[in-house]
Amino acid sequence: MADVPKVPSVAELMSSPVVTALPDETVAAAATRMRDERVGSVVVVDGTRPIGILTERDLVRWGAAGVDPGASKVAEWMTADPDCVAPDTGVQAAYDALASHGYRHIPVVDANTLVGIVSMRDLLRIASIQPVVHPGEIEAPPGLEGVIVAETEVGDVRGLEGFYHYRQFSAVDLADKRNLEDVWHLLFDGSLPTAAQREAFLAEVRPYRVLPDEVSEVLPSIAAGSRSIMEGVRTAVSLLGAVEGFRPTLDIDHAERRRNALQVSAAIPTLITSIYRLQQDRPPVTPRDDLGYGANYLWMMSGEEPDLELGRAVEQYQMTTIDHGFNASTFTARVITSTGADVAAAVVGGIGALSGPLHGGAPSRALDLLDAIGTVENARPYLVDAVTRGEKIMGFGHRVYKTDDPRSLFLRGVAERIGAAKIEFAKVVEQTVVDVLAELKPGRNLYANVEFYAGVVMDHAGLPRDLFTPTFASSRVIGWSANVLEQAADNRIIRPSARYVGPPPPQPVPDED
Ligand SMILES: CC(C)(COP(=O)(O)OP(=O)(O)OC[C@H]1O[C@@H](n2cnc3c(N)ncnc32)[C@H](O)[C@@H]1OP(=O)(O)O)[C@@H](O)C(=O)NCCC(=O)NCCS
């Protein structure tokens with residue numbers, strides 16, 4: 001860190017002599033002197049004693065009042081009895097006096113005699129001055145854990161109860177009883193649809209699943225140039241917004257924002273499966289209207305007639321991951337929307353955040369764990385060894401849930417229902433992990449999270465591991481979009497602060513070598 005310069009007193013900083021005015025002078029005359037002397041204030045004196053200060057702000061008030069310039073006297077417009085400091089006052093104390101009152105100039109007085117004036121700008125030249133903390137400023141913990149930053153009607157997570165909901169309904173009950181488009185309607189339009197509303201909603205959504213020609217034509221290059229499907233989808237969503245002429249959310253009404261959000265949400269499964277296929281030199285497959293959401297997803301991935309039971313299982317996984325409180329990608333999408341940017345920009349940001357391994361980028365790692373353990377006999381020794389070495393067991397533990405993750409319980413049931421190949425082994429491993437963690441990490445309350453059984457379900461449905469995270473994104477986009485619509489409807493730009501901890505500014509800028 002740079003050396004902190006010695007802190008001087010105001011006597012070493014102040015401007016002297018001071019530009020002054022008399023109380024019975026006209027404001028016009030004082031203003032002319034301020035302009036000529038290029039100062040932002042004049043100190044009003046009675047002899048050598050300061051009795052007031054007339055600043056640029058007073059001149060603005062005076063100008064706005066529209067009074068006769070020749071008739072107004074300085075005494076009527078000045079601030080009387082200004083706060084003053086002595087020449088030996090330390091700069092920090094002077095700065096505090098200015099900042100706490102919102103003043104920009106403070107007269108320096110020695111034994112009742114005006115000897116100088118010091119300005120905020122003079123003080124800011126001193127490197128060691130600390131900024132004054134804004135009275136409304138709140139210190140948030142790193143990671144914003146436990147900090148409420150918005151109000152939402154989209155949904156919430158109750159970690160201690162092991163419960164989460166979309167609007168007023170349990171998310172797991174919705175995944176059990178409804179189809180994905182019903183929940184989509186719930187999140188976009190506020191209610192579960194009637195049969196007629198469902199048909200109308202599907203009729204609205206279906207055309208948007210077909211990609212515009214301008215996107216389809218470029219997709220092979222995007223697929224070839226991307227190292228992962230997530231990377232390709234990120235680029236393609238940006239292009240989709242551009243070719244469809246998405247405009248800033250700030251400039252459009254709710255109906256247009258909703259249309260944009262519907263189009264992006266509908267197009268993402270097509271983009272994911274198309275990029276996946278193109279990366280294997282296979283042509284994309286057109287979506288089908290006669291299939292449910294999950295079955296159509298399997299169809300677009302494989303181009304083969306899907307097993308409807310497996311399609312339903314994938315759809316239920318997708319339904320459980322639509323929304324989950326103010327997670328990192330949802331927050332990102334809302335921050336971008338809060339700037340008034342377009343819907344595609346917000347979704348691109350969401351995809352970027354979700355692609356990180358600490359958020360959505362790791363569901364295949366839980367399955368890798370099952371492979372690594374291999375046999376029931378190996379489970380305990382493998383896990384004890386891993387935890388003792390300080391490794392994290394993938395698919396276990398959660399920032400919010402300190403009891404069973406409801407998604408894990410639900411997906412375990414789905415995996416059992418479809419007779420997933422790895423389910424029996426996975427259940428043994430789950431119990432062993434919970435036991436080993438309870439022994440070696442007592443009191444941490446570590447249980448299986450969504451990723452553990454999600455991998456088992458997706459694997460059995462025939463999804464390859466590099467489609468796991470994109471499949472998470474395929475439905476989370478609906479949650480992002482619902483949050484985008486909510487943010488745009490009642491917007492205030494999200495703009496927090498950071499504590500500056502570098503060398504004290506402003507240091508003198510060194511001349512070039
Ligand atoms: C999800 C996760 C990031 C939550 O992290 P967090 O809230 O910051 O919790 P912490 O990392 O502070 O964990 C608290 C304690 O439990 C331990 N712990 C947490 N998850 C663990 C796991 N999966 N395996 C072993 N130990 C674990 C930590 O080592 C820590 O122990 P310590 O108190 O001795 O330091 C974390 O549990 C994890 O890394 N899990 C594995 C990865 C995973 O499954 N991610 C998908 C999440 S949906």
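Just so you know, ligand 1 is whichever comes first in the structure, and atom 1 is the first atom listed for that ligand.
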Of Trp480, Tyr166, Tyr401, the residue whose pairing with His324 passes ring pair (Phe, Tyr, Trp, His ring centres under 6.0 Å):
Tyr401
What atoms of ligand 1 come closer than 4.0 angstrom to any heavy atom of Gly395?
43 (C), 44 (O)
Which of the atoms in ligand 1, numbered in the order shown and given with their element, are less than 4.0 Å from a heavy-atom of Ile393?
22 (C), 23 (N), 24 (N), 25 (C), 41 (C)
Under 4.0 Å from a heavy atom of Glu391: give me the atoms of ligand 1 that qualify, with their elements.
25 (C)
Got more than 12 heavy atoms from elsewhere within 6.0 Å of CZ, Arg444?
yes
Between Lys402 and Glu161, is the closest basic N to carboxylate O distance under 4.0 Å?
no
Looking only at heavy atoms, what is the nearest atom pair of Ala328 and Thr332, with distance?
O-OG1, 2.6 Å
Tell me the nearest of Arg407, Glu451, Arg444, Lys402 to atom 32 (P) of ligand 1, using heavy-atom distances.
Arg444
Heavy-atom proximity to atom 25 (C) of ligand 1 ranks first, among Leu358, Val387, Leu437, for Leu437
Do Met394 and ligand 1 have an N or O pair less than 3.5 Å apart?
no
Any N or O of Val450 that comes nearer than 3.5 Å to an N or O of ligand 1?
no
For Asn449, is at least one N or O under 3.5 Å away from an N or O on ligand 1?
yes
Identify, by atom number and element, the atoms of ligand 1 in contact range of Gly397, meaning under 4.0 Å from any of its heavy atoms.
1 (C), 37 (O)
Strictly distance-based, threshold 3.5 Å: is any side-chain N or O of Ser238 a donor or acceptor partner for the main-chain N or O of Arg234?
no
Expected output: side-chain Glu315 to main-chain Leu180 donor-acceptor under 3.5 Å
yes
Closest to atom 10 (P) of ligand 1 (judged by heavy-atom distance), picking from Arg365, Glu145, Lys392
Lys392
Any side-chain heavy-atom pair from Arg465 and Asp368 closer than 4.5 angstrom?
yes
